[in-house]
There are 2 protein chains.
Amino acid sequence: MKKQKTRDHIVEAADQLFYQQGYEHTSFTDISDAVQISRGNFYYHFKTKDDILDAVISARMDKTRKMLAQWELDGSTPQGRIECFIRILITNRDKILNYGCPVGTLTTELAKLNHASREEANALFTLFRTWLEEQFILLGRSKDADDLAMHLLARSQGVATLASAFHDAKFIDQEVAQMCDWLNAYMPKE
Amino acid sequence: MKKQKTRDHIVEAADQLFYQQGYEHTSFTDISDAVQISRGNFYYHFKTKDDILDAVISARMDKTRKMLAQWELDGSTPQGRIECFIRILITNRDKILNYGCPVGTLTTELAKLNHASREEANALFTLFRTWLEEQFILLGRSKDADDLAMHLLARSQGVATLASAFHDAKFIDQEVAQMCDWLNAYMPKE
DNA sequence: GATTTTTTAGGATGCGTGTCCTAATATTAA
DNA sequence: TTAATATTAGGACACGCATCCTAAAAAATC
């Protein structure tokens with residue numbers, strides 16, 4: 001099946017372009033140029049542009065789930081796992097400086113467009129949210145686990161937005177350090 | 001001069017629409033419908049769509065400057081003034097729940113579009129940043145005043161993004177309370 | 001090698017867009 | 001009232017867009 005292969009290429013290219021240029025501002029031509037495929041050939045793989053968006057979101061969900069699963073292996077303690085989350089800002093620093101947070105910018109754009117896939121994009125946030133919540137529960141904070149998860153999500157989100165606006169890498173490092181301090185000071189050592 | 005009047009109407013309508021729908025997604029027709037003006041008449045007031053954007057940004061700068069000046073009067077202490085900033089999230093809660101932060105979402109969009117007015121939009125952030133910095137200096141934190149300003153900006157930004165994604169008003173209230181606590185606990189009482 | 005199926009290329013179509021032009025109307029000045 | 005100017009309306013224009021169609025090419029099957 002060659003179909004699946006080119007389909008994957010399309011999704012991958014669209015994923016990048018949607019992140020870098022935004023969904024609406026990315027045209028079929030942009031994607032076909034990136035994949036080196038004729039524009040007309042698209043319809044064979046995807047009926048509409050919205051379908052590509054759904055495929056991209058779905059792919060991001062899978063990738064995120066795998067990443068979270070990996071963190072479960074990397075970090076032996078809940079603190080360590082949460083720290084993995086905090087440190088994505090550093091791992092993806094360059095991209096974030098240029099294009100912001102992929103989750104935040106997409107949900108924001110789709111909200112403005114009042115797009116049908118708005119909620120599906122939000123599910124990406126929910127994925128992180130519930131995962132973080134679980135970690136905080138493991139830390140014995142079951143009462144406010146969700147609040148803490150939202151708090152951390154919001155801080156990461158804000159850091160990405162500001163760092164991107166001012167193209168300030170140092171700011172990312174500072175805030176990541178602060179969040180780690182917050183995590184260690186605030187949480188009970190076990 | 002009737003010209004100035006309709007020009008102001010155009011800028012006001014464009015301001016709202018750019019906020020609610022995004023810059024790119026708002027067409028000349030959208031604006032002319034809102035202002036009740038023929039589409040062709042636009043060119044008499046603005047040469048290009050980009051010119052409208054510049055005018056909108058400029059208007060927002062003026063409005064922001066006035067708001068900051070007002071806060072200088074409202075809050076007798078630097079803490080009080082900073083608290084004014086934190087509480088915009090509550091003042092504009094409904095709009096934020098629906099459309100996010102006007103500054104953050106615009107700069108994010110223009111960054112993706114690689115738009116010429118990107119930097120001018122960022123100046124809105126800088127306006128808040130330097131104003132907050134001044135307040136922290138007045139509090140005797142001249143060494144890390146800018147860091148604190150950026151920290152607070154980022155947190156507000158993150159709160160707006162998450163609250164909008166999850167349409168969660170309670171989250172705004174919680175985080176605003178936390179930021180006020182942080183401000184009062186962290187800062188020296190005088 | 002022949003035939004069927006899968007995959008592709010490239011252009012046609014209709015629509016919305018920003019932009020621009022020109023003639024009509026309203027407003028002001030003489 | 002008349003003449004000059006300021007403001008408007010509405011349509012023309014070229015372009016890019018998502019979409020759709022059809023015939024050619026490639027691949028797979030027999």
Side-chain angles (χ1 to χ4, degrees), chain A residues 1-58 106 109-110 112-118 120-121, chain B residues 1-58 106 109-110 112-118 120-121:
Chain A
M1 272 305 181
K2 198 180 179 185
K3 190 175 180 179
Q4 186 62 39
K5 214 173 177 182
T6 44
R7 199 193 129 102
D8 290 347
H9 283 160
I10 292 173
V11 172
E12 195 184 351
D15 191 347
Q16 280 195 52
L17 287 168
F18 290 171
Y19 177 36
Q20 295 170 0
Q21 315 183 342
Y23 169 69
E24 193 176 32
H25 192 244
T26 299
S27 70
F28 268 59
T29 311
D30 289 336
I31 305 174
S32 62
D33 283 356
V35 191
Q36 302 262 42
I37 265 184
S38 81
R39 206 178 63 265
N41 187 18
F42 253 105
Y43 196 68
Y44 181 68
H45 299 279
F46 293 97
K47 283 202 181 30
T48 69
K49 194 182 172 185
D50 290 352
D51 286 349
I52 302 184
L53 176 61
D54 287 342
V56 166
I57 293 176
S58 181
L106 182 64
E109 181 182 2
L110 296 186
K112 300 244 182 215
L113 301 185
N114 204 13
H115 194 281
S117 302
R118 190 189 193 285
E120 299 179 38
Chain B
M1 274 304 181
K2 199 179 180 186
K3 190 175 180 180
Q4 185 62 38
K5 214 173 178 181
T6 43
R7 199 193 129 101
D8 290 348
H9 283 158
I10 293 173
V11 172
E12 196 184 350
D15 190 348
Q16 279 194 52
L17 287 168
F18 290 170
Y19 176 38
Q20 295 169 0
Q21 315 183 342
Y23 169 68
E24 193 176 32
H25 192 245
T26 299
S27 71
F28 268 60
T29 311
D30 290 336
I31 305 174
S32 63
D33 283 356
V35 192
Q36 302 262 40
I37 265 185
S38 80
R39 207 176 66 265
N41 188 18
F42 254 104
Y43 196 68
Y44 182 68
H45 298 280
F46 293 97
K47 283 202 180 29
T48 70
K49 194 182 173 188
D50 290 352
D51 287 348
I52 303 184
L53 176 60
D54 286 342
V56 166
I57 292 175
S58 180
L106 182 65
E109 181 182 3
L110 296 186
K112 299 241 183 217
L113 301 185
N114 204 13
H115 194 284
S117 302
R118 190 188 192 284
E120 300 179 35

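In what follows, every chain begins at residue 1, and chains take the letters A, B, ... in the order their sequences are listed.
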Which nucleotide wins on minimum distance to the side chain of [X], given the candidates [options]?
X      : options                   : answer
K49(B) : dT19(C), dC20(C), dA18(D) : dT19(C)
K3(A)  : dT7(C), dC17(D), dA9(C)   : dT7(C)
R39(A) : dA9(D), dA12(C), dC20(D)  : dA12(C)

Would you please confirm or rule out a distance under 4.0 Å between OP1 or OP2 of [N] and any side-chain N or O of [X]?
X      : N       : result
S38(B) : dT8(D)  : no
S27(A) : dG16(D) : no
Y44(A) : dT7(C)  : yes

Between [atom2] of [N] and [atom1] of [X], the distance in whole Å:
X      : N       : atom1 : atom2 : result
Q4(A)  : dT7(C)  : CD    : P     : 10 Å
H45(A) : dA18(D) : NE2   : P     : 17 Å
Q36(B) : dG10(D) : CD    : C1'   : 16 Å
I52(B) : dT17(C) : CD1   : C1'   : 13 Å

| query | Nearest nucleotide by nearest heavy atom, which residue falls closer to the 5' end of DNA chain D, D30(A) or N41(A)? | reply |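 Comparing both residues, the 5'-ward one is D30(A).
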
| task | Start with the C-alpha distance between H25(B) and D30(B), add both sets of side-chain angles, then the distance that settles side-chain hydrogen bond (donor to acceptor under 3.5 Å, both in side chains), and finish with yes or no. | result | CA-CA 9 Å; H25(B) 192 245; D30(B) 290 336; 5.9 Å; no

